[in-house]
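Throughout, a chain's letter reflects where its sequence line sits, starting with A, and its residues are numbered from 1.
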Amino acid sequence: MWQTFGFEFVNFYFIPGLVVGCIYALGAIGITLTFSILRFANFAHGEVMMIGAYFTWTAMTLAKNSFGLSIHPLFAAIPAIALAIGLFIFVDRYFYKPFRSAPTIRVVMASFGMMLVIRSFVQSVWGPNQLTFVPGIARPNETVKSFTNSFDIMILMPNKHFWIIAGTIMIMMALSWLLTKTKIGKGMRAVSDSPELAKVSGIDVEVIIQATWMVGGFCAVAAGVFLAMDLQMLETTMGFRMLLPMFAAAILGGIGRPFGAVIGGLVIGLAEELSVYPWFGNGPLLSPGYKTGVAFAIMIVMLVLRPSGLFKGRLF
Amino acid sequence: MSSLPTLEIVDLFAGYGETEILKSINISVEPAQTVAIIGPNGAGKSTVIKSVLGLLNVTSGNINLNGQDVIGIAPDEAIRQGISYVPQTHNVFPNLSVLENLEMGAWTRKTGIKERIDEMFALFPDLQLKKSKIAGSLSGGQRQMVAMAKALMVDSKIMLLDEPTAGLSPKYQSEIFQTIKKINENNIPILLVEQNAKQALEIADKGYVLVDGANKAEGTGRELLEDSNVARMFLGSKE
Amino acid sequence: MDMLIGYSLYGISLLTVGGIYAILALGLNIQWGYAGLFNAGIAGFAAVGAYTFALLSTATNPYHFGGLGLPLPLAILAAMVLSGCIAFLIGLVCIRLRSDYLAIATIGIAEIIKLCLKNETDLTNGPRGINKIPRPWEHLGEERFYTSFPMSWIKDAAGWENFFGQLPNWWWQPFFCGSILLLVYTIYLLLEKAQLSPWGRMMTAIRENEGAAHAAGKHVTRRRIEAFVIGAMVMGLAGAMLSQHLKLIDPTNTFDPSKMTFLVWVMLIAGGSGNNKGAIFGAFLVWTIWSASEIFINSGLNVFGQLISDMDISLLKTRAGYLRMVVIGLLLQYILQKYPNGIIPESRPTSAGN
């Protein structure tokens, strides 16, 4: 059983799906938080993911060229996160804040514009071509391989996948602590519940908004770096390609439900990978070229059947 | 100082944007009083409260809180100044627990949050039992209690209640009025906007009747209850 | 003389493409300006129009579906209908939700359209695209057209071909440009008429007060879907015209969503949404800036390259192209904030009557 189906299924479909799902989940957290707290769909979110990965690459390259140090991407991501958060707050201050009391759609459009500005900026600075993030072939982690092999279920998991899954779990735990145990986190949930009431409760909504950008920026850069680690390369369109699955994940989980977004991300990541598994016969169920369409299909089905998402999020 | 009214609204003109809703309003709330504002739908009752909180445009007039001008104040600053405000609807955070709702009410408070929460649980014993329940799962009456407790988490100088009994069953309505009385007994002045004129006037020291954004009548609660005009307008057969 | 012809041809092509963008902007104006619907997938609808037209009108070939050789107006009509059908389906799902959802869904549908065009190789020739798309006027000289249905009255084939053979190879350009401009004008007149009709007034009412309009019920949803579908049909038409102008289309470069969708938005916002004149003005203005700045930057870089001979300016050229995008994006932000109603604000003939 394991030899004929399980080995292939787990190693080549399930684990990659989980990894992609983690990346979507992290991105969707930021989307769902901004959607519920600032009340708009931020189209520039994917681009911040992307530019975060580029910052990380630059930090790694600088360290290598000037000090001869090869640093781990997760370490190089620290300055990148700071820069990305700074970028988010800068964009918010000069491009989104002027529209706080205007009809929502204006700020959606502003974010749509920022999406292009950020991407074109990256294209003009780093160039439009792919960059190598981490060279070399990712070998399966030997410990995991031999350990699981002793149970006759050999799992081939490269270190990068291990980092991505472990990193996502840690971020999730930190986020859960933030949202349920700290004043600012509870404030974020309060503003997400009702911004009007938050304002007349004396909550400083602007502070909450900044905190939202910080959390969103942190998760976005983590997602971007994880994606770059997984693909081992960088591309200027990687953020845009993530945008649709991330929105789908946020809607699936319910807007304003960070943990719903995580579940949504995992579901969509797995659905995408499993949609090309040869469930019937020998060929993939869905032509791999249409993999990206899966997220869209799930989103549309969700909007038809239950637009408030699996976990009863907000509906605007 | 004790002769100074807690809240004094003098000749107030206010509205949303261009449209003026309040045309010359005069209201004063003396220390430790309960004051009720009654009137037909669209008379601008809630607008009075919203203008105190700085939620809309004041064209002219004065609003003084303990002798201090509060016109043009930002809502969060108004809360910081000690105004406990309970909106008519959406007055709790539905996805936060009761306890978290109280903590959010104490956002502007630096110290004594724990003690204040205990005071609130003493005032609203029901809430203590439900403190870790999600506010959205409570009944309408209980939610109203959470909303009031949440608003009282500041160092209240005055409490503004916008139709606290709207949409509640008669049993809950009386309960809410009893609670308001209890709050007032703790020396917190209350400005209450109500549809349920009879019960509101019964617990009020003073009442105002607003019609079309202007003062129509005023007097003690008892006087207004006995006033035949008022009785015909609000206390008799409800439209 | 050659120089003069060169410049006028450049001017003509500027007007032609500007006109096509004006059609796109008018289509968007129906959706956004009239009904307040956010369409972030303009390139997708244009691509549907372009591919439908191309597949129905091209000659038989080994690479993709074709050989129907439909008369061009029929192919254009089909392009509009298909684009409208897709908009209808999306509208059914998303229109009752707030505009953000529609924006996300339209970005999605544009992606799906791109995926289909790339993957359905048998139908569309995949990423390599479609070549030899017939152009109006020019196609008159093509044998398969003057021998088939509407023109089969032509008996003197040799004389007909000779006549076209002696014309300069750009002869069709002014005619094509004229047709596009005529089309822009016709759509403009129709839209102006629609805006004054009860339908148009209701659209304005819906946009101004979505809340109250929602309370009015299903009627509103229907009107909004209508606006969305009509807008998408106009975009499909623009796509068809673009494919004629380009003669060669492919899924990624021709319908680059960020470039095309974005430019149309900048055009409409700059010109003033809700205002058809503004949309047309914005389209020509932005397209001229866009196109002229490319020439300007490139010639500047060429001079620069001659000064520093051992430099690869092609790299700089691509980078400068992206920088241009940054500038256009910032321009949009500026207009959004400083001129929330566009440079030419919407005129309101309806409000005077009420």
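- Heavy-atom distances place the side chain of Pro87(B), and not its backbone, under 4.5 Å from chain A.
- Note that CD of Glu206(A) is 10.0 Å distant from CG of Asp76(B), once rounded to the nearest 0.5 Å.
- Per-residue heavy-atom pair counts under 4.5 Å with chain A were compared for Pro75(B), Gly105(B), Pro94(B), and the maximum is reached by Pro94(B).
- With respect to Met104(B), the side chain to side chain contact (heavy atoms under 4.5 Å, CB included) criterion is satisfied by exactly one of Leu197(A), Val191(A), Asp193(A), Ile203(A): Ile203(A).
- The two residues Trp107(B) and Ile184(A) make their nearest non-hydrogen contact at CH2-CA, 4.2 Å.
- At least one side-chain heavy atom of Lys186(A) sits under 4.5 Å from a side-chain heavy atom of Glu103(B).
- By a heavy-atom distance cut of under 4.5 Å, Lys150(B) are the residues of residues 121-156 of chain B near chain A, going up by number.
- Surrounding NZ of Lys181(B) are at most 12 heavy atoms belonging to other residues, nucleotides or ligands under 6.0 Å away.
- Ranked by heavy-atom pairs under 4.5 Å with chain B, the list Gly187(A), Ala190(A), Ser194(A) is led by Ala190(A).
- Only the side chain of Leu55(B) has a heavy atom closer than 4.5 Å to any heavy atom of chain A.
- When all heavy atoms of Ser201(A) and Phe93(B) are compared, the closest pair comes out as OG-CZ, 4.0 Å.
- Put simply, of Asn91(B), Leu53(B), Asn101(B), the one with the most heavy-atom pairs under 4.5 Å next to chain A is Asn91(B).
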